Amino acid sequence: MANWTWFHRLGSPKWFYEKSGRWLRWLVPLTVLVLITGLVWGLAIAPPDAKQGHSVRIFYIHVPSAMLSLAAFYLMASAGAVGLIWRMKLAFVAMKCSAPIGAALTALALITGSIWGKPTWGTYWEWDAKLTSMLILFFLYLGVMALQEAYSDKQAGAKASAVLALVGTVNIPIIYKAADWWNTLHQPATFKFTEESSIDPSLAWPFWIMIVGFYGFFAVVLFLRMRNEILYSERRTQWVRALVKGE
Amino acid sequence: MSGGFTTILRRDLLLAMRRRGELANPLVFFLIVLTLVPLAVSPSPEQLAKIAPGIIWIMALLATLLSIDGLFQSDYRDGSLEQMIISPQPLWLIVLAKVLAHWLVTGLPLTLLSPLLGIMLSLPEAGYWPMVISLLVGTAALSLIGAIGAALTVALRRGGLLLSLVVTPLYMPVLVFGAGSVQRAVDGFSPDGPLLVVGALMALSLLLAPFACSGALKISMHG
């Protein structure tokens with residue numbers, strides 16, 4: 001038999017609260033540093049694009065937030081699955097807290113995408129395959145959050161939205177493929193963005209830094225939200241009372 | 001095992017037959033909303049023909065969505081859902097029987113009605129067969145996916161609107177390929193590819209939805 005105590009300790013809210021406090025002490029400055037480096041490099045130092053000029057710089061916000069919004073959905077669904085299978089309280093907390101962050105990042109990707117669309121396509125909104133599937137991802141997030149809110153029994157709400165998140169996970173790749181196919185049916189692509197591989201290294205470096213920064217940002221906000229949620233749901237326990245009085 | 005399946009199927013069909021008025025509601029909705037389209041857009045046949053494939057598919061989707069709300073509702077209220085969960089029959093099989101019954105009383109009649117609506121919206125001739133086939137297979141997928149939403153929201157007091165919020169994004173691929181197959185046929189191409197994808201989506205939801213549904217029902221009942 002393998003030693004599973006670490007796994008069960010992971011499920012204890014008190015343990016997580018103490019550990020995450022220590023993690024945040026170095027994670028916050030590190031994330032701020034990486035984000036500032038990436039932003040200054042991407043927005044000020046990197047050369048403008050030959051075709052799109054300075055408008056290409058929004059790429060450094062748009063693409064990382066789009067990537068993260070998708071990753072956050074998978075993280076949310078995996079946390080939900082862990083919660084359903086091992087009945088781990090902390091996993092449901094992680095799922096509940098990552099939903100609004102993911103939704104906000106999806107909204108950010110949509111907004112920056114449409115701002116970027118104005119100089120490149122000439123309109124704020126184009127029914128492009130990627131924008132459309134992002135929009136549907138946003139609706140999926142809204143569904144998960146709304147279902148969670150609708151239950152008066154918080155535990156049942158968490159379980160129900162975990163099932164929905166898992167169903168959504170099966171659907172996301174299909175939605176992306178469907179949007180792609182639908183796009184070619186109605187409007188053959190006349191303009192294609194540069195592929196990742198053809199990006200000049202001078203543009204690619206700040207991009208990778210921004211992705212790392214966004215992951216860091218996601219982790220920081222997720223931990224902060226989870227800590228809040230834990231304090232609230234455990235507010236009647238001894239250790240939270242001691243914490244509130246002691247500090 | 002198959003005994004439970006046929007019993008539930010027969011029971012649900014019998015219940016549906018005893019409520020004929022309710023049975024016709026999705027079909028009447030389908031027809032009424034379709035009448036609104038020429039009134040809102042334009043009665044010109046050329047314009048209607050252009051939007052007919054999409055409009056008919058959206059209407060079928062909405063009619064399924066509205067009717068799926070009641071799938072577990074009455075069983076939940078009178079306690080028979082509880083009995084189904086604790087019965088020795090596997091819950092996914094019971095769910096499958098209920099979804100099949102739902103499809104037989106909504107999806108199938110919608111499909112049979114659709115050529116009439118095609119005529120009313122002056123759908124070009126090439127679109128009829130793909131429309132019937134895609135609706136026949138596609139509404140089954142819609143019923144299966146919708147059942148997950150119905151199972152998740154059955155215990156909530158005002159689940160109806162939430163159900164549509166939860167399920168509509170999941171319907172998107174079926175709609176794209178279903179309406180797309182009709183559009184392709186109208187444009188003079190072969191509709192086989194998207195039709196096969198609709199079939200694949202139906203097979204996938206047939207495989208996964210009953211399990212997701214039975215899990216969701218247990219959560220709805222016991223938390």
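No experiment lies behind these values; they were computed from the predicted model shown. In what follows, chains are A, B, ... by sequence order, proteins preceding strands, each numbered from 1.
Neither the backbone nor the side chain of A:V144 has a heavy atom closer than 4.5 Å to any heavy atom of chain B. Only the side chain of B:L201 comes within contact range of chain A, with at least one heavy atom under 4.5 Å from a heavy atom of that chain. Looking at B:L204, the atoms closer than 4.5 Å to chain A (heavy atoms on both sides) all sit in the side chain, from C-beta outward. The part of B:L208 that comes within reach of chain A is its side chain, from C-beta onward, which places non-hydrogen atoms under 4.5 angstrom from that chain. Using a 4.5 Å cut-off between heavy atoms, A:A179 touches chain B through backbone and side chain atoms alike.
Heavy atoms only, all atoms of each residue included: B:L152 and A:A160 are closest at CD2-O, 3.5 Å. Shortest non-hydrogen contact noted between B:L162 and A:A146 is CD1-CB, 3.4 Å. Across B:V176 and A:A178, no two heavy atoms sit closer than the pair CG1-O, 3.6 Å.
For A:F217, the CZ atom is loosely surrounded, since the number of other residues' heavy atoms within 6.0 Å does not exceed 12. No more than 12 heavy atoms of other residues, nucleotides or ligands sit less than 6.0 Å from atom CG of B:L161. The environment of CZ in A:R235 is crowded: more than 12 heavy-atom neighbours from other residues, nucleotides or ligands sit within 6.0 Å.
Atom NZ of B:K218 sits about 11.5 Å away from atom NZ of A:K159, to the nearest 0.5 Å. To the nearest 0.5 Å, atoms CG (B:L156) and CD (A:E149) are separated by 12.0 Å.
Between A:L164 and the choices B:V167, B:L170, B:T153, B:I148, the side chain to side chain contact (heavy atoms under 4.5 Å, CB included) rule is met once, by B:L170.
Looking at A:L84 and B:I219, their side chains come closer than 4.5 Å, going by heavy atoms from C-beta outward. The shortest distance between side-chain heavy atoms of A:W181 and B:P173 does not fall below 4.5 Å.
For the options A:L147, A:V163, A:I174, heavy-atom pairs under 4.5 Å to chain B are most numerous at A:L147.
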